[in-house]
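In each ligand, atom 1 is the first atom listed, and ligand 1 is the first ligand listed. Everything numeric in this text was worked out from a predicted model, so none of it was measured.
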Amino acid sequence: MQIISADVVVTSPGRNFVTLKVTTDEGVTGLGDATLNGREQAVVAYLRDHLAPLLIGTDPHRVEHTWQSLYRGAYWRRGPVTMAAIAAVDMALWDIKAKTAGLPLYQLLGGASRDRVRTYGHANGRDIPELLDSVRARLAEGYPAVRVQTGVPGLQRVYGVHQGTAIAAEVDGMRIDQLARPMEEDWDTAAYLRHVPTILEAVRSEFGAELPLLHDAHHRLSPQEAARLASTVERYDLFWLEDLTPAENQASLRLARQHSTTPLAIGEVFNTVFDYQTLIDEHLIDYVRSAVTHFGGVTPLRKLVDYAGQHQIRTGFHGPEDISPVGMAAQIHLDLAVHNFGIQEYSGHTELTHRVFRHGYTFTDGYLHPGDLPGLGVELDEELAAAHPYVPAYLPVNRLLDGSVHDW
Ligand code: EZ4
Ligand code: CO
């Protein structure tokens, strides 16, 4: 079998998605997700101009070899653009291999280790009453666990607080992913640190001790602030506290670890195992947060999960709306197969997105299942995709009250 074409499709059925479609001389095709929120076109160029020509004429079954060739052969290793592009190729080749075998991908990854995949959903509100309503809505949808984020008194716009639903993130009547310039958020760490315990107190007293709760600090804290937050919220028994500090400096989580038993999760912006090395070797975290799409594909993420498992660290793959259904499918197959699964973030997609990417995975009573279609189990409706072309979009930027830029 030979690859005869590798085409990139950009579509925006509510937000932008970048998809690689690999076609073989035997007519079998594979899909890969290469969506890098706010930098989509850089990955398109990487795939179209640099990787697609290298794939033509190669054997799609050589998944590991192709991955190593693209990773090592570039000389310029790592980085989100490179790794999202390689991820799309890797997913597409696994898709082809599993379709050719006539098996759902999870069967090639060792088969199911569990019957279904536990998820958590997002609850958010400008204030606590709005947040409590949002938690109620997620529970009514069946979510067994909920991430809670609210506005902070005195601040206008804060991470995770959307008007409308968790899916339709709007600002001033426009979707945040369709603003031609980055939206501005404001930030005051002291106000945030004062506020978080009051949110958790309110949620615990409304919903009781048993509901698994998560919270995302979105890389905004110093090591000392991170340690303070992790210890202050310890009594609320979080499922995890996410992205306490900027992710580049792995050592910055040591202080939080020394001062608290609150479980810690990080990694949605990481793109290789080397970003995790200190965190895993020193047991500084409890969950790895990478997505298949941003970590170079199924091949390296599976290796990370095995390495993490040797340290009793579990998975909590990144699953916001900006992972396309192709990327979601790939990680749901992994979720079902790996032993040390923890939880899967799942925000769902717009109805139109589900039509552009028809998929076999299901979300029932808060649990995902990859389905039993051969391959990833996703088909791209290219006509519908073409009817919803790319829309220029940026993620927000975050400023302190004096106007200087802060971590986002
Ligand atoms: O802000 O995916 O845990 N989830 C998150 C996400 C990220 C977006 C950035 O593209 O932090 O919502
Ligand atoms: Co996050």
Residue, atom and distance of the protein heavy atom nearest atom 7 (C) of ligand 1 read Glu268 OE2, 3.5 Å
re atom 6 (C) of ligand 1, the protein heavy-atom contact at minimum distance is His318 NE2, 3.3 Å
The answer for which part of Asp216 has a heavy atom under 4.0 Å from ligand 1 is side chain
Looking at Glu242, the N/O/S atom that lies nearest to the Co ion (ligand 2) is called OE2
Are Tyr120 and Phe239 an aromatic pair, judged by ring center distance below 6.0 Å? no
Among non-hydrogen protein atoms, atom 5 (C) of ligand 1 lies closest to Tyr159 OH, 3.0 Å
of all protein heavy atoms, closest to atom 8 (C) of ligand 1 is Asp322 OD1, 3.6 Å
* Does any N or O in the side chain of Glu206 come within less than 3.5 Å of the main-chain N or O of Arg204, such that one atom is a donor and the other an acceptor? -> no
Can Glu321 be said to touch ligand 1, with heavy atoms closer than 4.0 Å? no
When every non-hydrogen atom of Leu244 is compared with those of Ala230, the smallest separation belongs to CD1-CB, 4.5 Å
**Request:** Consider ligand 1: state whether an atom of it lies below 4.0 angstrom from any non-hydrogen atom of Arg147.
**Result:** yes
Counting from 1 in the order shown, the ligand 1 atoms closer than 4.0 Å to a non-hydrogen atom of Arg289 are 3 (O), 4 (N)
Ligand 1 to His218, heavy atom cutoff 4.0 Å, flagged ligand atoms 1 (O), 5 (C), 7 (C), 11 (O)
Tell me whether Glu268 has at least one N, O or S atom under 2.8 Å from the Co ion (ligand 2). yes
Using 30° and 60° as the class boundaries, would you call the ring planes of Tyr106 and His369 parallel, tilted or perpendicular?
perpendicular
For Glu345, the ligand 1 atoms with a heavy-atom partner under 4.0 Å come out as 3 (O), 4 (N)
Asp216 near the Co ion (ligand 2): N/O/S under 2.8 Å:
yes
